[in-house]
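Ligands are counted one by one from 1 in listed order, and the atoms in each one are counted from 1 as well.
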Amino acid sequence: MVDIILGLQWGDEGKGKIADFLTPQYDIVARFQGGPNAGHSLEFEGKKFVLNTIPSGIFRKGILNIIGNGVVVDPIRLQAEIERIKDECPDYSERLLVSLKAHLILPTHRILDAASEAAKGEAKIGSTLRGIGPTYRDKTGRNGIRIGDTLEADFMSRYRETVQMHLRQIESLGYTGFDLQSEEEAFFTALEQLQKLKLVNSEYLINEAIANGKKVLAEGAQGSMLDVEFGSYPFVTSSTTLAGGVCSGLGVAPKHIRKVYGIFKAYSTRVGGGPFPTELNDETGDRIRKTGNEFGATTGRPRRTGWLDMVALKYTCMLNGVDELIMMKSDVLCGFEEVKAAVAYNIHGHETHQVPANLCSAPVEPQYRSFEGFGNHLDHLGGFDALPESFRNYIHFIETELQTPIRVISLGPERDKTIVRPK
Ligand code: IMP
């Protein structure tokens, strides 16, 4: 069977910490979409790691980690990531498997990403510039190169053809000032290393594991509001970040999916452009950013911050069929006299509980409900019942609105600052 852990907001919900926390219950952890645009932070024993492409189960002995077919892989980034973890995980090459069908991010995909963003000017998406969009575009356009293709005799000629196509596109966007030659050197060196990893038909491997009673955790990247179908289009990433993406991104049938864990922060953040109804462009927003260290794990960019948006959260719980919720970073809201959550949107004088299809252009005014602050400190040691009443009220409100239990409450980045509530 397969369980899924995924983000319900605009990414950066803290999936790395929770995937790592959940992994002891599983035999396999698999990424099903996205690529090095992700930055999953893990902290334990005073050490901190950021994973981009490697699944978060890599630090747990005996667990297999699969980079699935739905992921896009940049060999340069993957190699850098391996360098960062290899002392901590000396057996990584035994436990890290990569799908032969995963698509490769080429140097020209990254250049194209920068060229497309530059051409968009003010309307840019705010992409991570990791080449994600152009790689998925080539995949669906049937021009992509998969990792398995690099082992074929015609790989170099296909590579050159693809690069020529990209260079024409880059020229038409009027983009200059890149050094393809040095990028290619780094790419081919890293590709050689990638080819030494275990490259597999991961769909067979996962299905055999399921047939043998093994447990798989599918680890999402980005967030549901960045999904290419249902997110705040066009300010989205280029993959299916929702639970439905697990089937195509790993090759497992819907009947094997057991539980969906939805993860969200006690407030909202978003990085890059696009609509953000509950955004706080004031001192409160600054304070959340500072206290929550809301700066991109991958790019270092400051994240935009705002109150919890229950309209968006209800929407993403519905789209994913979330069974259990995991709430992160509640401690960041400590010290505020008042905490707010949006319970409806007002658009042109009409109240709605739905995320509008034209979220980018609709003049959304969030309608807030106010809560008493949680005091100065939330201590994990006494368990849920020892937490302040005002905080427990906030939790009960969210559970009632979403009709879904909050099973795990995280009160800090370390593994132990986590309260698990009994069923
Ligand atoms: P791309 O995925 O790099 O093309 O970026 C598209 C949009 O998704 C941009 O607004 C990015 O900031 C955002 N994004 C991509 N990956 C992440 C992530 O892991 N966390 C948060 N935002 C992300």
(message) Among all the protein's non-hydrogen atoms, which is closest to atom 23 (C) of ligand 1, and how far away is it?
(response) L226 CD1, 3.7 Å
(request) Could you tell me the residue and atom name of the protein heavy atom closest to atom 4 (O) of ligand 1, and the distance to it rounded to 0.1 Å? (result) S127 CB, 3.7 Å
(request) Check each atom of ligand 1 against the heavy atoms of W10 and keep those under 4.0 Å away; list them by number with element. (result) 21 (C), 22 (N)
(request) Give the single entry among T269, N37, V72 that approaches atom 18 (C) of ligand 1 most closely by any heavy atom. (result) N37
(request) Determine, using heavy atoms of S238 and all atoms of ligand 1, whether some pair is separated by less than 4.0 Å. (result) no
(message) Does anything in residues 221-230 form a salt bridge (charged side-chain N to carboxylate O under 4.0 Å, His left out)? List the pairs, not counting sequence neighbours.
(response) none
(message) Taking E203's backbone N and O only, do any of them form a donor-acceptor pair with N207's side chain (distance below 3.5 Å, no angle check)?
(response) yes
(message) With a heavy-atom distance limit of 4.0 Å, tell me whether R301 approaches ligand 1 through its side chain, its backbone, both, or neither.
(response) side chain
(message) Against ligand 1, does A221 come closer than 4.0 Å with any heavy atom?
(response) no
(message) Below 4.0 Å, non-hydrogen atoms only: which portion of D113 touches ligand 1? Side chain, backbone, both or neither.
(response) neither
(message) So that I know where these two stand, are F188 and Y159 an aromatic pair - ring centroids less than 6.0 Å apart?
(response) yes
(message) Ignoring hydrogens, what is the shortest heavy-atom contact between L180 and V163? Give both atom names and the distance.
(response) CD2-CG1, 4.0 Å
(request) May I ask you to identify the nearest protein heavy atom to atom 10 (O) of ligand 1, giving residue, atom name and distance to one decimal place in Å? (result) V271 O, 3.2 Å
(message) Donor-acceptor pair, distance only, cut-off 3.5 Å: does the side chain of Q33 make one with the backbone of E219?
(response) no
(message) Could you identify the single nearest non-hydrogen protein atom to atom 2 (O) of ligand 1 and state the distance to 0.1 Å?
(response) T237 OG1, 2.6 Å
(request) Heavy-atom contacts with G126 under 4.0 Å: which atoms of ligand 1 show up? List them by number with element. (result) 9 (C), 10 (O), 11 (C), 12 (O)
(message) Test your reading of the structure: does T128 have an N or O sitting under 3.5 Å from an N or O of ligand 1?
(response) yes
(message) Looking only at protein heavy atoms, which one is nearest to atom 17 (C) of ligand 1, and what is the separation?
(response) Q222 CG, 3.5 Å
(message) In terms of relative ring orientation, are F371 and F397 parallel, tilted or perpendicular, with 30° and 60° separating the classes?
(response) tilted
(message) Does any N or O of ligand 1 fall below 3.5 Å from an N or O anywhere on R130, backbone included?
(response) no
(request) Could you tell me which non-hydrogen atom of V71 sits nearest to which non-hydrogen atom of R31, and how far apart they are? (result) CG2-O, 3.4 Å
(request) Indicate the atoms forming the closest heavy-atom contact of T269 with K265, along with that distance. (result) OG1-NZ, 3.0 Å
(request) Compare D12, L129, V236 and give the one whose heavy atom is closest to atom 7 (C) of ligand 1. (result) V236
(message) Please check: side-chain N/O of N320 versus main-chain N/O of A243, any donor-acceptor pairing under 3.5 Å?
(response) yes
(request) With rounding to the nearest 0.5 Å, note down the distance linking CG in L199 to CG in L194. (result) 6.0 Å
(message) Checking contacts here: is it the side chain or the backbone of F235 that comes within 4.0 Å of ligand 1, counting heavy atoms only? Could be both or neither.
(response) neither
